[in-house]
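Proteins get letters first, then strands, A, B, ... in listed order; numbering begins at 1 in each. For clarity, every value in this text was computed on a predicted model and none was experimentally measured. What's counted below: heavy atoms across the whole structure, side chains too, no hydrogens, waters or symmetry copies.
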Amino acid sequence: MRASKLYAPTLREVPAEAELISHQYMLRAGLMRRSSSGMYTYLPLGLRVLQKIETIIREEMNAADAQELLLPIVQPAELWHETGRWADYGDEMFRLKDRHGREFCLGPTHEEIITALVRLDVSSYRQLPLRLYQIQNKYRDEIRPRFGVIRAREFIMKDCYSFDKDDQQANLSYQAMYNAYDRIFKRCGLDAKPVEADSGAIGGDSTHEFMVLGEAGEALIVYCPQCDYAANVERAECKEVEKVEEELLQLEEIATPEVKTIEQLSEFLKVEESKIIKTIIYLADQKPVAVLIRGDHQANEVKIKKYLNCTQLELADPVTIEEVTKAPVGFAGPIGLDIPIYVDYAVASMVNGVAGANKVDTHIANVNIDRDYQAAAIVDLRQAEAGDQCLRCGGNLETARGTEVGQVFKLGTKYSEPLKATFLDENGKEKPFIMGCYGIGVSRTMAAIIEQHHDQDGICWPLSVAPYQVIIVPVNYKDEEQRKVAEQLYQSLRDLGFEVVLDDRLERPGVKFKDADLIGFPLRITVGPRQLQEGKVEVTIRSTKEQIPVSLSEVEDWVSKFIRG
RNA sequence: CGGGGCGUGGCGCAGUUUGGCUAGCGCGCCUGCCUUGGGAGCAGGAGGCCGGAGGUUCGAAUCCUCUCGCCCCGACCA
């Protein structure tokens, strides 16, 4: 490709819309442009990167015995009614009607439609295991799209679904995908860490997320530096805490005018936040419940939701709180509450804690479980944090941020049962498929790669996903000798099957170097008067900025060795 | 949905508070000269319904009302 004809409009300045490095570089390097909030056009260079990533995914999926197909983007509402997700998905689903008034959605995911397909055509255990995947656009009307392609409303995803006859076989599918993901991300040059995760609305009992660690990440994870335990904080379990043996003191009301937050209370009473009981009133499927968390801990709504087995969980509004506690917001406490009280382990082990008195401007000291209030249950309800003990080895957990690039789920029969997708087993017995689903955010992976491979000058693409492998830059394209050498090299490298751009623009060298760095070609071959005198050109490795003079007769070999090893 | 901010040429911005005459600047773009190892220089030029609608006024980018779009924080979601 000749740079003079390449549609890669680079920008010198950072567009105001971009905050993340990856987002900025994707715009500046001319990989993509925004069309509307959360929707992007991929320009030729961006598309080439996507295709490289997709090729890696296809190779590994095929190697794991998955077969590619292509499902429709527009899906009928009926299928979603069968699983109940037409209602559950809520505003995040893009919905539309055809001219007859029939309802459809733009697929946010494809479990329903693939299960409906397989139930038609697969009826015997002999046809299993079956693993099917596609690379497709997905649509989710995110409440707030952000970070460019990382949280977009239209995005590209590889999704794979496995159908097995029993748990044992399903575990093999899960493991095969898990291993394939490891290889895929490695080949993309990504350092992706598998972490235990919560299964969320998709459902299922076991799941791992593949996280690319970095400041830009939206998810918080905890990991153990001593063993290989790693989990999303939403999922990470916290240990039961042993009760301190201490004398129970008498309840004592304390006037705390205008003291409403844990921080203020700790300051006011000169008491550590860990001695304070935080009483949070939630509405779980519209019914009020109280959750007790230690003052210095964070409530984990995913855990709460899961334990209560409710579909909706939200903080109660001030009116409800006053109704339930008979006090304004800020003075809720467990004593005398007549709604179910769910107590976190850490609170259950507290002795003589401080809590709200359910009375305006008042708190109570020396609150103790069982003696002063009854728990509906004592469970793990808080968010894990740095310094917590590792459940596996007892080490001290650390936290990190991560971007989720892939997730693997064991679904069980969550979809096959309601959709009546069954087969006959060896004994002629009808059984629902044991399913799994496995996603990779392809467009997001591109951004994640940039997050991990860039410097102040631009992107440093790993060879495996670079839009082109080499750029040839004649310092002065008008110079006859430089042009001749550059053109010859361009020809011979392309003949050898390399992906090459020739920068034939009549720009000054600085402009061409800046663009080459920004776009991030792994190799740059500079054809300039200095080296040419000695019959050489200069090869620059983008990632290290290393400059190597190579004689003209050896360039092809050098490049070949670098790229093909 | 709540809070905050922004919409002025392709990109980045000034001008808006205190209305005023041809709406500016930098970058990019076009033409010519010149230059060619890290975003050169000189000269000339193209390009703007000031997001949109309505209103106030002799006069609106500027004031008022409504509306649309975009970004950030949060709630949300995986």
What does the list of N/O pairs under 3.5 Å between the protein and nucleotides 27-31 of chain B look like, with a distance for each?
unit_1: B:rC27; atom_1: O3'; unit_2: A:R12; atom_2: NH1; d: 3.4
unit_1: B:rG28; atom_1: OP1; unit_2: A:R12; atom_2: NH1; d: 3.0
unit_1: B:rG28; atom_1: OP1; unit_2: A:R12; atom_2: NH2; d: 3.3

Problem - side chain to side chain donor-acceptor pair (under 3.5 Å): pairs with one or both residues in residues 23-47 of chain A, sequence neighbours excluded - result: A:E17-A:R34
Handout entry: Test salt bridge (charged side-chain N to carboxylate O under 4.0 Å, His left out) applied to A:D182 - qualifying residues, sequence neighbours left out
Key = none
Problem - With A:D479 via salt bridge (charged side-chain N to carboxylate O under 4.0 Å, His left out) - residues at least two apart - result: none
Can I get a per-line list of side-chain donor-acceptor pairs under 3.5 Å for residues 288-296 of chain A, giving both atom names and the distance, sequence neighbours left out?
unit_1: A:R294; atom_1: NE; unit_2: A:D296; atom_2: OD1; d: 2.9
unit_1: A:R294; atom_1: NH2; unit_2: A:D296; atom_2: OD2; d: 3.0
unit_1: A:R294; atom_1: NH2; unit_2: A:H297; atom_2: NE2; d: 3.4

Problem - Ion pair check, A:D503 and A:R505, cut-off under 4.0 Å - result: yes
Problem - Sequence-aligned protein contact record of nucleotides 70-76 of chain B, with B where the base is within under 4.0 Å of a protein heavy atom and S where only the sugar-phosphate is - result: SSBBBBB
Polar-atom pairs under 3.5 Å, protein N or O versus N or O of nucleotides 44-48 of chain B: list them with distances, or write none.
none

Practice task
Would you please name every residue forming a salt bridge (charged side-chain N to carboxylate O under 4.0 Å, His left out) with A:R2, sequence neighbours left out?
Solution key: A:E487, A:D504
Handout entry: Qualifying residues under side chain to side chain contact (heavy atoms under 4.5 Å, CB included), relative to A:Q286, sequence neighbours excluded
Key = A:Q312
Completion exercise
Taken in chain and number order and not counting sequence neighbours, the residues that satisfy ring pair (Phe, Tyr, Trp, His ring centres under 6.0 Å) with A:Y490 are none
Exercise for the section: Please identify each residue that fulfils ring pair (Phe, Tyr, Trp, His ring centres under 6.0 Å) with A:Y178, with sequence neighbours left out. Expected result: A:H208, A:F210
Handout entry: Under the salt bridge (charged side-chain N to carboxylate O under 4.0 Å, His left out) test, residues paired with A:K303 that sit two or more places apart
Key = A:D380
